[in-house]
There are 2 protein chains.
Amino acid sequence: MENSVFDTENSRSQMRKGLLEYCTLLAIARGELYASDILNELKADNLIVVEGTLYPLLSRLKSDHLLEYTWKESKAGPPRKYYRLTKEGKDALEQLNQTWHELSLSINSLIKKYEKNN
Amino acid sequence: MENSVFDTENSRSQMRKGLLEYCTLLAIARGELYASDILNELKADNLIVVEGTLYPLLSRLKSDHLLEYTWKESKAGPPRKYYRLTKEGKDALEQLNQTWHELSLSINSLIKKYEKNN
DNA sequence: ACCCACTACCTTTTTATGCAAGGTACTAGG
DNA sequence: CCTAGTACCTTGCATAAAAAGGTAGTGGGT
């Protein structure tokens, strides 16, 4: 018998959703990275991602011309795709920075109103 | 000929997605509201666009037992459903507050790293 | 009495995207 | 040449926002 407890993990996952694209661009903006680097970077900041999420995302950003890559050989394993931002990617990132800023202002404003009534 | 400009609106929409549930709970936490009230509240903060998004969300939160409602007559038009948080809804909101807090810390940390390299 | 505008509720279809799981291929060491 | 490790990618599923369309109560004008 499972008590009908609200599944918070799903909500957490939904919150991360959509922010991943932004975070991925942020990570790549700092220098050339390949998929595993990005994965580690985002995991280090508690933004859980799995391979199956990241690869399609990178492909999509590539076909939107926000990213480009170059193959580089590895000392241990197959060659890697190192991604970097295009000019268009940098512009998009600036816009997403702005969006994030506005969004967090809105939410923090809602939170303040909420806290007053408690 | 359309220049291949990245569709930022879609990204914005994806960012809002998942945060809407949280914001809706935040809005209702401050007192009984009906759908149009909530819509106006969230629109004022650029967090939602249309009715068709809100009604299914309210139904879902209701069936998850986070919300309950009472019918109240209106002076001009059909009766309205006034929503309020259940005990379980208040608990969930506390957890989502925590999740939001952690998430914004993570992203702001990424942003700081990004800004250093610019 | 009737129509129309307004308000409010809800449903159906489409689309986007994260996640789980599974698949291919290169490299190096025994 | 087999195995382990690494790296790439795809397929199928579930979730949920957005777009569009539908139903119904109220009240004012004619």
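Order of the sequence lines sets the chain letters (A, B, ...), proteins ahead of strands, with each chain counted from 1.
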B:Lys113 vs A:Asp45, side-chain contact (heavy atoms from CB on, under 4.5 Å): CA-CA, chis, key distance, verdict
CA-CA 11 Å; B:Lys113 289 188 202 167; A:Asp45 279 313; 3.4 Å; yes
Notebook entry, point to check: OP1, OP2 of D:dC8 versus side-chain N and O of A:Tyr55: anything below 4.0 Å?
Noted result: yes
Residues of residues 26-38 of chain A with a heavy atom under 4.0 Å from any atom of DNA chain D, listed by number, are A:Tyr34, A:Ala35, A:Ser36
At a 4.0 Å cut-off to heavy atoms of chain A, the contacted part of DNA chain C spans C:dT17 to C:dA28
When rounded to whole Å, the CD to C1' distance for the pair A:Glu9 and D:dA14 reads 15 Å
*Side-chain heavy-atom pair A:Leu26, A:Asn97 within 4.5 angstrom cut-off*: yes
| Can you find a pair of side-chain heavy atoms, one from A:Glu41 and one from A:Asp37, that are under 4.5 Å apart? | no
note: A:Lys17, atom NZ; D:dA17, atom P; distance rounded to Å ~ 9 Å
When rounded to whole Å, the CD to C1' distance for the pair B:Glu21 and D:dA16 reads 10 Å
Between A:Thr86 and A:His65, the two heavy atoms sitting closest are OG1-O, 2.7 Å
Closest non-hydrogen contact found for B:Leu61 with B:Thr24 is CD1-CG2, 4.3 Å
Taken to the nearest whole Å, CG/B:Asp64 to P/D:dT15 is 11 Å
Practice item. State whether the side chain of A:Ser74 and the backbone N or O of A:Pro79 hold a donor-acceptor pair below 3.5 Å, judged by distance alone. Key: no
Nearest heavy-atom contact between B:Tyr83 and B:Ile28 is O-CG2, 3.6 Å
Under a 4.0 Å heavy-atom criterion, the protein footprint on nucleotides 18-30 of chain D, written with B, S and -, is BBB----BSS---
*Given the side-chain rings of B:Tyr82 and B:Tyr34, with only the six-membered ring counted for Trp, is the space between their centroids under 6.0 Å?*
yes
| field | pair A:Ile111-B:Tyr22: side-chain heavy atoms closer than 4.5 Å | value | yes
Here the pair of heavy atoms bringing B:Leu54 nearest to B:Ala35 is CD2-O, 3.4 Å
